[in-house]
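What follows is a set of notes on a single structure, which appears directly below.
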2 protein chains.
Amino acid sequence: MNVPRSSTARNSSSARPVTRSRIQKRNRQIILEAALEVFSTHGFRGATLDQLATEAGLSKPNLLYYFDGKEDIHRELLTQLLDTWLAPLRLINPQGDPRTEIMEYMRRKLEMSRDFPRESRLFANEILQGAPRIEGFIRDDLRLLVDQTAITLRGWVDQGRIAPVDPYHLIFSIWALTQHYADFAAQIALIRGAGHEPHEGAEAFLEHLYSRLLAP
Amino acid sequence: MNVPRSSTARNSSSARPVTRSRIQKRNRQIILEAALEVFSTHGFRGATLDQLATEAGLSKPNLLYYFDGKEDIHRELLTQLLDTWLAPLRLINPQGDPRTEIMEYMRRKLEMSRDFPRESRLFANEILQGAPRIEGFIRDDLRLLVDQTAITLRGWVDQGRIAPVDPYHLIFSIWALTQHYADFAAQIALIRGAGHEPHEGAEAFLEHLYSRLLAP
DNA sequence: AAGCTTCTTGACTGGATGGTCAAAATTGAT
DNA sequence: ATCAATTTTGACCATCCAGTCAAGAAGCTT
């Protein structure tokens with residue numbers, strides 16, 4: 001599978017003396033930004049290198065100077081995303097006040113869905129296709145973190161500090177409700193009509209909902 | 001855009017004497033079933049005619065004898081889906097008991113997500129891409145129905161029969177929570193591990209959640 | 001400003017993929 | 001059994017698209 005590096009490639013992937021010039025840093029960033037835009041709306045297969053190139057304002061061979069190929073761009077984008085995707089969950093503090101911690105987590109996820117809808121859609125696209133490229137991440141990293149969080153939540157339930165609730169479904173519900181506003185933004189926009197932004201009223205609603213759900 | 005019908009095509013689309021032989025009915029159905037399988041996991045661009053043909057157990061030219069092309073298969077599939085997609089919402093009875101009606105609606109949606117996950121993912125795929133092919137359906141049919149339902153819900157709130165809640169967000173939340181179990185099944189499976197099916201415990205959780213949310 | 005390195009690109013290529021077609025096989029009405 | 005209509009398919013074709021390459025342009029270093 002592994003092809004010897006061509007003479008012109010200063011590229012990425014598989015560990016290597018990663019010394020990047022100013023221009024490299026800038027252009028790799030431009031390309032990843034363009035890739036986020038294009039991949040998140042058309043999916044991996046639906047996007048073409050020409051689209052990426054046009055969006056990035058570079059020539060196609062130029063893209064391939066900075067990355068080993070379409071796959072490589074996508075992998076890099078996804079890798080960067082996954083790091084930040086776990087962050088909100090990590091911030092839940094088992095020593096904190098249960099309801100506050102859960103509410104804050106929900107709020108952080110909703111913020112991410114509002115401020116980074118493309119990232120959310122990129123992720124959704126991956127999962128929809130059966131998560132072939134991020135299976136490892138989910139099975140290992142995410143699962144571990146969810147399991148730990150579930151233990152924390154169950155502890156809070158056992159102490160009677162929040163109403164009895166299945167911790168896994170509680171987490172899934174937060175994911176579903178917050179990401180929905182990003183992933184299904186097109187639908188929401190068409191239903192609510194122009195002049196409304198998808199997330200309008202979402203925070204109040206979700207606060208109300210979880211407030212009612214968690215009250216002991 | 002419209003090409004004159006080729007001599008061999010007994011095909012579909014744009015209104016036409018739709019007389020179908022037994023074989024036609026059967027094979028069109030087989031093709032649509034295969035298309036559901038393939039399109040729902042790979043998306044429109046990600047699916048190839050060869051995949052469709054293999055999945056359907058027919059030759060590629062044979063597919064194109066029954067449909068005008070990839071696009072036509074996809075359109076037909078989606079059209080059939082949209083009809084049934086609205087059904088659960090239509091069944092909400094403004095004269096019924098508010099909590100029962102909403103609970104039943106949630107249950108119907110959850111059932112659809114459990115029994116027809118591929119349909120759910122096909123739909124999700126469309127919306128994710130910005131709903132280009134079903135914009136009209138959403139803006140016209142779905143929106144109308146949602147608006148009517150919202151009026152019903154608001155009436156129930158005003159009568160004090162359910163707790164005050166934004167009707168649109170209530171509907172969105174049901175969509176988000178039920179479809180999540182189909183659309184993100186891959187993620188849920190990886191987190192919960194084998195031996196669990198994605199919907200396990202979902203009904204109890206959602207009943208609990210909406211029971212708490214709606215109690216006056 | 002010379003000369004080396006990094007960056008950029010026009011012109012390709014090979015393979016995948018949507019779609020065509022004419023001829024062969026099958027079906028069904030008589 | 002006959003024969004016309006329907007169905008099926010192998011062999012194509014045209015286009016799209018990821019990726020290559022060699023040569024030129026721009027940056028750096030001295």
Side-chain angles (χ1 to χ4, degrees), chain A residues 1-13 16-31 34-35 38-39 42-77 133, chain B residues 1-13 16-31 34-35 38-39 42-77 133:
Chain A
M1 267 299 122
N2 235 325
V3 180
R5 193 51 96 293
S6 98
S7 66
T8 49
R10 293 277 147 280
N11 307 20
S12 61
S13 78
R16 189 152 276 289
V18 193
T19 319
R20 302 215 198 287
S21 73
R22 206 162 24 82
I23 296 179
Q24 292 227 2
K25 275 187 199 142
R26 210 198 65 215
N27 281 349
R28 281 178 66 93
Q29 213 40 55
I30 288 175
I31 292 168
V38 176
F39 281 139
H42 299 287
F44 180 75
R45 278 300 296 281
T48 72
L49 280 183
D50 286 297
Q51 273 180 291
L52 288 232
T54 303
E55 181 76 28
L58 298 173
S59 69
K60 186 167 52 159
N62 207 177
L63 288 196
L64 297 167
Y65 172 73
Y66 289 106
F67 290 92
D68 279 346
K70 193 183 173 183
E71 189 75 43
D72 186 38
I73 299 177
H74 190 256
R75 182 188 13 256
E76 183 66 27
L77 189 59
R133 303 162 211 270
Chain B
M1 265 306 112
N2 234 324
V3 180
R5 194 49 98 291
S6 99
S7 65
T8 49
R10 293 278 147 282
N11 306 20
S12 60
S13 76
R16 198 145 271 289
V18 193
T19 320
R20 303 216 199 283
S21 74
R22 205 165 21 81
I23 296 179
Q24 292 228 1
K25 275 189 201 139
R26 209 199 66 220
N27 281 348
R28 280 179 63 94
Q29 213 41 54
I30 288 175
I31 292 168
V38 177
F39 281 138
H42 300 288
F44 180 75
R45 277 299 295 287
T48 73
L49 280 182
D50 287 298
Q51 272 179 292
L52 287 232
T54 303
E55 180 77 27
L58 298 172
S59 68
K60 186 168 53 159
N62 207 178
L63 287 196
L64 297 168
Y65 172 73
Y66 289 105
F67 290 92
D68 278 347
K70 192 182 173 185
E71 188 75 43
D72 187 39
I73 299 176
H74 191 257
R75 184 189 9 259
E76 184 67 27
L77 188 61
R133 302 162 214 268

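First the proteins, then the strands, lettered A, B, ... as listed; each starts at 1.
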Please report, rounded to the nearest Å, how far the [atom2] atom of [N] is from the [atom1] atom of [X].
| X | N | atom1 | atom2 | answer |
| --- | --- | --- | --- | --- |
| B:Arg45 | C:dT17 | CZ | C1' | 10 Å |
| B:Tyr65 | C:dG18 | OH | P | 22 Å |
| A:Asp50 | D:dC16 | CG | P | 11 Å |
| B:Asp68 | C:dG18 | CG | P | 16 Å |
| B:Asp72 | C:dG18 | CG | C1' | 14 Å |
| A:Leu49 | C:dA16 | CG | C1' | 14 Å |
| A:Tyr66 | D:dT20 | OH | C1' | 18 Å |
| A:Ile31 | C:dT8 | CD1 | C1' | 12 Å |

Worksheet entry | Pairing residues for B:Arg26 by the salt bridge (Lys or Arg N to Asp or Glu O under 4.0 Å) criterion, not counting sequence neighbours | none

Worksheet item: With respect to the phosphate group of D:dT7, does any side-chain polar atom (N or O) of B:Gln24 fall under 4.0 Å of OP1 or OP2?
Response: yes

Worksheet item: For C:dG10, does OP1 or OP2 lie under 4.0 Å from any side-chain N or O of A:Asn62?
Response: no

Worksheet item: Sequence neighbours excluded, which residues qualify as ring-ring contact (aromatic ring centres under 6.0 Å, His included) partners of B:His42?
Response: none

Between the protein and nucleotides 27-30 of chain D, list the N/O to N/O atom pairs that are separated by less than 3.5 angstrom.
unit_1: D:dC28; atom_1: OP1; unit_2: A:Arg22; atom_2: NH2; d: 2.3

Hey, could you give me the [atom1]/[atom2] distance between [X] and [Y], rounded to the nearest 0.5 Å?
| X | Y | atom1 | atom2 | value |
| --- | --- | --- | --- | --- |
| B:Lys25 | B:Gln29 | NZ | CD | 11.0 Å |
| A:Asn27 | A:Tyr66 | CG | OH | 4.0 Å |
| B:Ile31 | B:Leu64 | CD1 | CG | 8.5 Å |

Practice prompt. Determine the contact category for A:Arg26: base if any of its heavy atoms lies under 4.0 Å from a base atom, sugar-phosphate if only primed atoms, P, OP1 or OP2 are that close, otherwise nothing.
Written response: nothing

Fill in: Set of residues satisfying side-chain hydrogen bond (donor to acceptor under 3.5 Å, both in side chains) with respect to B:Glu71, sequence neighbours excluded
B:Arg133

Fill in: Derivation and outcome, side chain to side chain contact (heavy atoms under 4.5 Å, CB included), residues A:Arg45 and B:Thr48
CA-CA 11 Å; A:Arg45 278 300 296 281; B:Thr48 73; 4.2 Å; yes

Practice prompt. For residues A:Val38 and A:Ala47, report the shortest heavy-atom separation together with the two atoms involved.
Written response: CG1-CB, 3.4 Å

Worksheet, complete the sentence: For DNA chain C, consecutive-pair runs of 3 or more (Watson-Crick or G-U wobble, both H-bond-type distances under 3.5 Å) give C:1-30 with D:1-30

Worksheet item: Of the residues in residues 52-61 of chain B, which ones touch DNA chain D at a heavy-atom distance under 4.0 Å?
Response: B:Ser59, B:Pro61

Worksheet item: Which is it for B:Phe39 and B:Ile73 under the side chain to side chain contact (heavy atoms under 4.5 Å, CB included) test, yes or no, and what are the steps along the way?
Response: CA-CA 10 Å; B:Phe39 281 138; B:Ile73 299 176; 4.1 Å; yes

Worksheet entry | Min side-chain heavy-atom separation B:Phe67-B:His74 under 4.5 Å | no

Practice prompt. Just compare D:dG19, C:dT20, D:dC17 and give me whichever is closest to any side-chain atom of A:Thr48.
Written response: D:dC17

Show me, pair by pair, the donor-acceptor contacts under 3.5 angstrom made by side chains of residues 52-62 of chain A, not counting sequence neighbours?
unit_1: A:Thr54; atom_1: OG1; unit_2: A:Asp50; atom_2: O; d: 2.9
unit_1: A:Ser59; atom_1: OG; unit_2: A:Asn62; atom_2: N; d: 3.3

